[in-house]
Every structure is written in structure tokens, then in C-alpha cells.
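FYI, the numbering just counts along the sequence from 1. Values below: every heavy atom of this structure, side chains too, minus hydrogens, waters and symmetry copies.
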Amino acid sequence: MSFEHQGEFQSDDEQLYRVRHSLAHVLAQAVLQLRPGSTLGFGPPIKDGFYYDFALSEPITDADFPEIERLMKKILKSGQRFYQENLPKSDAFVRLAEMGEPYKQEYAEELCDKHDLDSLSFYRNGSFVDMCEGPHVDTTKEIPRDSFKLRSVAGAYWRGDSDNQMLTRIYAWAFLSKEELDSYVQAYELAQERDHKKLGKQLGIYTIDNDIGRGLPLWLPNGTIIRDELEKLAFELEFQAGYQRVSTPHIAKQELFFQTGHLPYYAEDMYPPMELVEQTDQGEKVKEAYVLKPMNCPHHHKIFDAEPRSYRELPLRLAEYSHVYRFEESGAVGGLVRVRGMCMNDAHIYCTEEQIKSEFRNVMELYADAYRILGLESYYLRLSKSDPEDPKRKQKYVDNPSAWIKSEAIIEELLNEMEVDFVIGVGEAAFYGPKIDVQFPTVTGRDESVSTVQLDFAVPARLGLSYVGSDGLDHVPYCIHRAPLSTHERIVAYLIEHYGGAFPTWLSPVQVKVITVSDQFHDYGRKIVSALRARFIRAELAEESDTVSKKVRAATVNKIPNLLIVGSQEEQDRTVTLRRYGIREQLTLPFEQFQDSIQQTIDQRAPEFRVFEK
């Protein structure tokens with residue numbers, strides 16, 4: 001049994017795990033010396049280092065890092081040994097109370113109650129004592145003093161629950177040598193150059209305006225082009241897969257979300273209701289409460305319910321790109337990844353129990369097709385289940401244990417039949433059923449859920465949805481919720497960082513920039529632009545009176561994939577000289593051949609420009 005919150009990090013290198021775990025204790029020891037009266041939360045190793053959560057007596061910022069690191073190195077040099085001690089649970093509770101550690105005491109009592117423990121483990125190094133099962137190094141001298149670096153300070157709710165106290169989390173990198181640390185930090189800093197917030201501004205993709213509201217992005221022309229291309233891709237894949245498109249309003253009566261069960265579960269994530277006075281057909285005035293929809297499923301359920309349904313219509317696949325609104329905590333909102341207004345690539349599949357596996361399989365194949373086209377290869381699947389031992393289970397999940405067991409078994413069986421690797425995330429399920437989350441690594445090394453597919457065994461019955469089966473009786477359908485391209489906000493943030501802003505031609509806001517060697521060739525340049533735009537290719541002429549090198553540099557900064565350089569020889573021969581982003585070699589070819597080649601490159605959504613021979 002582990003007594004610290006370990007996150008998802010499990011190292012194959014036991015010594016690295018011990019080093020990171022021990023450094024977390026050393027960090028806590030240093031902080032308690034510098035901020036007497038502070039108390040502790042969790043302090044686990046993670047996949048690139050460790051962190052520790054504190055309720056601080058005085059704030060800490062990154063300006064304090066040199067002093068904290070100096071003290072940590074002093075502790076390492078002193079050669080403190082790590083000693084383990086097991087205490088009966090009653091003695092452990094007394095010790096934690098005497099230590100003045102309320103968060104540790106709360107967690108200790110929960111562990112003993114949840115797992116019927118009789119004793120708890122503590123580790124001591126020097127004057128520092130922490131409730132912990134280990135493992136640790138034998139002595140702090142085993143840890144190289146130049147193998148770690150404090151990284152950042154962030155806020156973190158105790159136990160990840162926004163109802164709890166906000167703690168201060170200090171992150172750090174840690175490896176087995178200075179060389180490994182330096183290499184990782186250098187890669188991390190290079191990755192920061194791909195940060196979607198930085199590139200989103202530089203490339204004119206989106207903006208956030210305080211007068212509009214926090215977490216409500218405004219899509220600029222370049223960003224809107226990317227959105228349009230992603231929607232076009234989704235429309236094509238979904239059409240081929242038998243989806244039907246629908247459209248729904250942005251709001252609905254609050255009562256609908258009580259019927260579905262989203263309320264009260266989802267109340268904290270919704271904007272407050274709008275109360276209106278309406279007049280009935282009988283002339284009576286009644287109050288009605290409306291809400292911005294946080295999801296599309298209730299609206300789609302009502303479309304399913306709009307007419308009698310037969311088993312012959314199933315599976316029925318309803319798809320929509322639709323805006324939804326979720327009230328993220330102010331501290332969590334940032335960039336495009338955490339927003340309050342988003343446009344979702346949503347769909348709901350209504351099916352029989354016998355069709356669940358085949359529909360899930362079809363959805364996973366659609367996901368794979370979309371990721372292949374987008375050039376995304378590094379991801380893994382997480383089967384997100386409920387947590388039957390969670391004390392707040394009835395507040396988080398539909399209370400139907402047998403349905404949970406059955407539905408989770410169906411999805412796990414399918415993944416095993418498909419022979420795909422997956423991990424299990426206990427406590428990560430939706431309130432109405434299990435789900436498969438597609439986890440992508442970000443440029444900073446964190447994993448984010450970009451896409452999801454969920455099995456809903458509960459809400460259709462709540463709304464009285466039914467179809468007539470082959471036996472002539474009414475049956476309740478299952479509902480599969482899926483969003484392969486996530487929301488525009490999240491997928492575009494990920495793609496910006498994945499491509500470093502240098503999108504493939506089909507997805508690039510400007511696909512071709514025409515650069516003339518002097519103003520006298522502008523007419524030829526305009527003819528090229530006009531011919532390309534007639535084919536709906538996004539081409540522009542660099543009209544500014546700069547040198548060719550300055551025009552090329554400006555286009556490169558904007559990461560335009562294809563530059564056409566034209567001058568006297570090109571005009572005479574009706575050719576263009578092609579220069580591609582990130583490629584030194586230039587290629588001169590007939591303009592007609594370039595038109596056909598770039599058209600096919602775009603139509604095929606090819607990752608690179610190809611020259612096609614006639």
C-alpha cells in the first residue's frame with residue numbers, strides 16, 4: 001500500500017525512483033526550515049522529477065528557488081540516512097496531530113478506514129519525518145547535488161478537489177546525473193518555443209480579450225481557417241462512417257439537465273442559470289430558468305426522441321460541431337487548453353447492447369484515421385473506470401453497481417480483443433459510464449486527454465428514450481459519446497505545439513506566398529496568385545517593397561509552407577522557383593505543374609509537398 005499520492009509515474013529504474021522520492025523529502029525539509037509553521041500535502045516522484053504540496057506560512061515564488069536549492073544541497077552533503085518506522089495506527093494519528101499535519105492526518109485516517117490497516121509507515125531523515133512507505137535511498141550522499149533543479153510554483157487543490165484548500169505546489173526536475181538533467185532542461189526550454197500561447201499570438205491564430213471574458217477565445221482569421229479545415233476533415237470522415245449531421249441551440253431549460261442527471265453532479269462546471277418570466281398559452285406568467293449548455297448530449301437525446309424509433313434504424317449516429325460552455329475555475333483557465341467556451345467535434349451513437357463493441361471498434365478506427373492524417377503517432381489509451389471505493393462515489397457516479405461492472409467489462413473486453421495497449425484510470429469515468437480517453441504527451445512532457453469515447457448506460461433511461469425491438473417491445477438504447485477531434489480549442493492548441501506552428505500545406509492559413517525579386521514582376525506575381533485562388537488555394541503576394549531576403553525571412557517567421565520566388569527568367573519561361581519551409585534546396589518547375597502538384601498535395605492532405613508528374 002502506498003501512502004503518498006504517486007501520480008502515474010512508475011520508473012523501470014528503481015534507483016531513479018528512489019532518488020526522486022528522497023529529493024521530495026529533502027525539498028519538504030528545506031521549505032519547512034525556511035517557512036516555519038507550514039504544513040505538508042503530497043510529495044510524489046513524477047516522470048521527470050518530483051513535486052511537493054505545501055500550506056505555506058508565507059508565500060514562495062521562483063525568486064526563492066536559489067535559497068531553497070542551496071539548503072537542499074547542504075542537506076544532501078550532510079549525508080542524512082533514511083530510517084523507516086512502522087507505528088500502530090493509533091500512535092500514527094497521535095504523531096501526526098503532534099506534528100501539526102492536518103492534511104497528512106486526514107489522509108492517514110482515510111487509508112486506514114479504506115484498506116483496514118493496523119499500522120502506518122514513516123520515514124525519517126535528519127530532523128524531518130514524513131508519513132511514507134518509501135522506497136528511499138540509504139543516505140542523501142547517494143544523490144548528486146547537481147542532478148536536480150527546481151522548476152516552477154503552481155497552485156493545487158488538496159486532493160484535486162476545488163472545494164478544498166488551495167495549496168502551493170513546487171515542481172522540480174531530477175535525474176541521476178548533471179548531464180541527463182542539462183539535456184532534459186535544454187529540450188524542455190526548446191519545447192517552450194512551441195508553446196501554443198506564444199505561437200498563437202505570433203501567428204495570429206487567436207486572442208483573449210478581458211472585455212469578452214476570461215477563457216472565451218476570439219478566433220482570428222488564421223485560426224478560423226484552421227478550424228474550418230478540421231471541420232471539413234471531420235465532416236468527410238463522419239459522412240463516410242454513416243453519421244447524420246444535426247444542429248442545436250446554445251441554451252436549454254435548466255430542468256432538462258436535472259432530468260438527464262447532469263445536475264446536480266455538474267453544477268459547479270456550469271454557468272449560473274438565466275431566469276426569465278414567460279407567458280403560457282393560457283396567459284399565465286411563469287418563471288423559467290435557462291442555462292448555457294455544457295454538453296450536447298441532452299439536445300441530441302431529444303432529437304432521438306423526436307420521433308418513434310425502430311431497431312432497424314440502429315445504430316443511429318448523430319454528429320454536430322457545437323459550442324458548449326463550462327465554468328472552469330479562474331486559476332485553471334489558460335490559453336486554449338483550459339477555456340470556458342469551446343466548439344466540440346461531438347457525436348452520439350444510439351445502439352443496442354449487441355452493437356456496442358462493433359460501434360466502439362468503428363469509432364476507434366475513425367480516431368486512428370484522423371490521427372494518421374494529422375500526423376499524430378505518440379498517444380496511448382486510458383480505460384477510465386469508476387472508483388467503487390471512493391467515499392464520494394454516489395456524488396460522482398450513477399448509483400448502479402451492476403451496470404458499472406457490466407459496461408466496464410464490455411469496453412475492457414473490446415480493447416483486449418483489439419490487442420491494443422491501454423492503462424486503467426480508476427476514478428476517471430464519466431458520471432454515467434466508463435470511457436476511453438486518448439492521452440497525448442504535450443511538448444512539456446505532461447499527458448493531456450485530447451479525445452474521448454464514452455459508454456452511457458444511464459441517461460437514455462432517465463429521459464425515457466426507447467426503440468421498438470424485433471420482438472415488438474420497447475427497449476432502452478445505449479448511447480456512445482465520442483469526440484475524436486476533441487474541441488477546436490484543445491486540438492488546435494495541441495497541433496500548434498506538435499507542428500511548432502509550421503502546419504502542413506492543407507492546414508496552413510496561408511498555403512503559398514509569392515515573392516517577386518522586384519516590383520516590376522508584380523503583375524506576373526498577381527497572375528500566379530489569381531490562378532491559385534481560382535482553385536481555392538490560399539495564396540498571397542508579398543507586396544511590400546523589401547529585398548527578397550527580407551520577404552523570405554518574414555514568410556519564414558510566419559511559417560508559410562511554400563514560397564514561390566519569381567523574376568525575369570520565371571516570367572519568361574512561365575515557371576516558378578519553389579522554396580519550402582525548413583528546406584534549403586529550391587526547385588524550379590513549370591507553374592502549371594506546380595498548380596497541379598499543390599492541388600493534389602492539399603486534396604490528399606499530404607504531410608509534405610509532392611511534385612506530381614503528368
Between [Y] and [X], is there a salt bridge with N-O shorter than 4.0 Å?
| X | Y | answer |
| --- | --- | --- |
| Arg159 | Glu110 | yes |
| Lys89 | Glu109 | no |
| Arg490 | Glu448 | yes |
| Lys385 | Glu412 | yes |
| Arg18 | Asp138 | no |

How about [X] and [Y]: does a side-chain donor come under 3.5 Å of a side-chain acceptor?
| X | Y | answer |
| --- | --- | --- |
| Glu408 | Ser386 | yes |
| Ser322 | Asn296 | yes |
| His250 | Tyr325 | yes |
| Ser119 | Asn86 | no |
| Glu275 | Tyr290 | no |

| task | Look at atom CG of Asp161 and say whether more than 12 heavy atoms of other residues, nucleotides or ligands are closer to it than 6.0 Å. | result | yes

| said: Tell me whether Asn416 at atom CG has more than 12 heavy atoms from other residues, nucleotides or ligands lying less than 6.0 Å away. | reply: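 For Asn416, atom CG is crowded (more than 12 foreign heavy atoms under 6.0 Å).
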
| task | Can you label the angle between the Tyr184 ring and the Phe175 ring as parallel, tilted or perpendicular, going by 30° and 60°? | result | tilted

| Do the rings of Tyr367 and Tyr371 sit parallel, tilted or perpendicular, given the 30° and 60° boundaries? | perpendicular

Give a yes or no answer on whether the side chain of [X] reaches the backbone of [Y] with a donor-acceptor pair at less than 3.5 Å.
| X | Y | value |
| --- | --- | --- |
| Lys435 | Leu455 | no |
| Ser121 | Cys132 | yes |
| Arg151 | Tyr171 | no |
| Ser486 | Ile491 | no |

Considering all heavy atoms, the nearest [X]-[Y] contact:
| X | Y | result |
| --- | --- | --- |
| Ala483 | Met344 | CB-CG, 4.4 Å |
| Arg482 | Asp346 | O-OD1, 3.5 Å |
| Leu199 | Gly501 | CD1-N, 3.8 Å |

Identify all side-chain donor-acceptor contacts of residues 96-103 below 3.5 Å with residues at least two apart in sequence or on another chain.
from, atom 1, to, atom 2, distance (Å)
Glu101, OE1, Leu40, N, 2.8

[X] ring center near [Y] ring center (under 6.0 Å):
| X | Y | value |
| --- | --- | --- |
| Phe54 | Tyr52 | yes |
| Phe50 | His21 | no |
| Phe42 | Tyr107 | yes |
| Phe440 | Tyr494 | yes |

Does any pair with a residue in [range] pass salt bridge (charged side-chain N to carboxylate O under 4.0 Å, His left out), and if so which ones, sequence neighbours excluded?
| range | answer |
| --- | --- |
| residues 208-220 | none |
| residues 58-79 | Arg35-Asp64 |
| residues 176-199 | Lys178-Asp182, Glu193-Lys198, Asp195-Lys197 |

| field | Step-by-step ring-ring contact (aromatic ring centres under 6.0 Å, His included) determination, Tyr380 to Phe422 | value | CA-CA 6 Å; Tyr380 68 93; Phe422 64 95; over 10 Å; no

| query | Taking only residues two or more places apart in sequence or in another chain, which ones pass salt bridge (Lys or Arg N to Asp or Glu O under 4.0 Å) with Lys406? | reply | Glu353

| task | For side-chain contact (heavy atoms from CB on, under 4.5 Å), just list the numbers for Asp456 and Tyr432, CA-CA rounded to whole Å, side-chain angles, deciding distance to a tenth of an Å, and then say yes or no. | result | CA-CA 5 Å; Asp456 180 354; Tyr432 45 64; 3.5 Å; yes

Heavy-atom check, side chain of [X] versus side chain of [Y], under 4.5 Å:
| X | Y | answer |
| --- | --- | --- |
| Pro294 | Tyr266 | yes |
| Ser38 | Ser57 | yes |
| Val492 | Leu230 | yes |
| Met342 | Arg326 | yes |

| Under the criterion side chain to side chain contact (heavy atoms under 4.5 Å, CB included), which of Leu415, Val363, Thr452, Val420 is the partner of Ile436? | Leu415

| field | side-chain hydrogen bond (donor to acceptor under 3.5 Å, both in side chains) partners for Glu268, two or more places apart | value |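 Partners of Glu268 by the side-chain hydrogen bond (donor to acceptor under 3.5 Å, both in side chains) criterion come out as none, since no residue qualifies.
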
